[in-house]
Amino acid sequence: MEAIKNKRILALVGIICLFIGTITPYFKVSLLGYSYSISLWKYWEGKVIVALIIANTMFIFKDYLQKYVPQVFNSSLGQKIENASPKLAIVPTILVVAFVVYLTAHLNVASKFLKHGLGFYALWIGVVGLVGHVIFYKKTVQTEQPMNNQQQPVNNETTQNVKYCPKCGNKVDQSATTCFMCGNNF
């Protein structure tokens with residue numbers, strides 16, 4: 001249980017399952033010996049889910065994207081996500097849940113010729129993974145260790161006017177009363 005609380009395993013499983021659910025058959029139609037598979041990838045519903053997958057990935061794995069692919073945050077949308085509060089990461093998850101419930105309710109056709117495929121079940125596993133991540137994940141904050149005299153930057157004026165938020169670890173101005181990222185009061 002500690003691995004689930006301290007790592008983003010459920011989020012990764014959820015995002016992968018959502019993508020698999022989009023590209024694999026959502027419905028299988030069998031009629032007179034012929035079968036046909038319908039995946040969401042070709043339709044607008046699949047494109048909406050892929051956009052929500054990208055948004056979830058950008059919010060949940062923001063630190064990895066900033067480290068390995070910083071170009072993602074060069075666009076105006078990327079700048080908004082980079083500067084957004086971590087609490088807003090729940091918004092794409094809620095949208096995914098709402099959209100998958102919408103798909104299930106509106107594309108549910110009762111027929112002996114129409115069966116749900118792997119995509120249907122993978123989407124629901126992805127939803128469960130993302131909701132589980134939102135419920136169980138507790139971010140562990142690693143505070144930066146003070147630098148010794150050899151590693152201190154030359155300009156001491158900028159480091160004296162900075163403090164770190166104990167909740168999220170972001171740099172804030174020394175005179176700030178709340179953290180601009182997480183809203184923590186000092």
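Below, all heavy atoms of this structure are taken into account, side chains as well, without hydrogens, waters or symmetry copies.
- Looking at K47, its side chain does come within 3.5 Å of a backbone N or O of W41 through a donor-acceptor pair.
- The shortest non-hydrogen separation linking I81 to F73 is CG2-CE2, 4.2 Å.
- Both V97 and L130 belong to a single network of hydrophobic side chains, linked directly or stepwise wherever heavy atoms of I, L, V, M, F, W or Y lie under 4.5 Å apart.
- I20 and A122 get closest at one heavy-atom pair: CG2-CB, 4.2 Å.
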- Could you walk me through whether F120 and K115 pass the side-chain contact (heavy atoms from CB on, under 4.5 Å) check? CA-CA 10 Å; F120 173 80; K115 306 249 187 264; over 6 Å; no
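- With E45 contributing its side chain and L103 its backbone, the two residues share no donor-acceptor pair below 3.5 Å.
- Residues W124 and T104 bring a donor and an acceptor atom of their side chains to less than 3.5 Å of each other.
- There is a path of hydrophobic side-chain contacts, each under 4.5 Å, that joins L40 to L95.
- Nearest heavy atoms, K28 versus S37: CG-OG, 4.0 Å.
- Under a hydrophobic-cluster definition in which Ile, Leu, Val, Met, Phe, Trp and Tyr are linked whenever side-chain heavy atoms come within less than 4.5 Å, directly or via other members, I125 and F136 are assigned to different clusters.
- Here I53 contributes atom CD1 and I15 contributes atom CD1; the two are 8.0 Å apart, rounded to the nearest 0.5 Å.
- Put simply, L52 and I54 are part of the same group of oily side chains (I, L, V, M, F, W, Y) that touch within less than 4.5 Å, one to the next.
- For the pair P92/F59, a side-chain contact is recorded, criterion being any heavy-atom separation below 4.5 Å from C-beta on.
- Residues T177 and N185 are not in side-chain contact: their nearest non-hydrogen atoms beyond the backbone lie 4.5 Å or more apart.
- With contacts defined as side-chain heavy-atom distances shorter than 4.5 Å, the pair V72/V69 qualifies.
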- Going through the checks in order, is the side-chain contact (heavy atoms from CB on, under 4.5 Å) test met by L123 and L18? CA-CA 5 Å; L123 277 178; L18 282 174; 3.6 Å; yes
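- For the atom pair CD1 of I16 and OG1 of T57, the computed distance is 9.5 Å after rounding to the nearest 0.5 Å.
- Ring-plane geometry between W44 and Y102 is classed as tilted, the angle between the planes lying from 30 to 60 degrees on a 0 to 90 degree scale.
- Here the SG atom belonging to C17 is positioned 9.5 Å from the CG atom belonging to L12, to the nearest 0.5 angstrom.
- Closest non-hydrogen pair, N184 versus C165, comes out as ND2-SG, 3.7 Å.
- The side chain to side chain donor-acceptor pair (under 3.5 Å) contacts involving residues 91-101 comprise N56-T93, where partners must be two or more places apart or lie in separate chains.
- Judged purely by atom type and a 3.5 angstrom limit, T24 uses its side chain to pair as donor or acceptor with the backbone of G119.
- Atom CD of E82 sits about 9.0 Å away from atom CE of M58, to the nearest 0.5 Å.
- Panel note: side chain K163, backbone A176; a donor-acceptor pair is recorded below 3.5 Å.
- Atom CD1 of I60 is separated from atom CG of L65 by 11.0 Å, given to the nearest 0.5 angstrom.
- In this structure, V172 and Y164 have side chains that are not in contact, with every pair of non-hydrogen atoms separated by 4.5 Å or more.
- Residues V128 and V131 are members of separate hydrophobic clusters, defined by side-chain heavy-atom contacts under 4.5 angstrom among Ile, Leu, Val, Met, Phe, Trp and Tyr.
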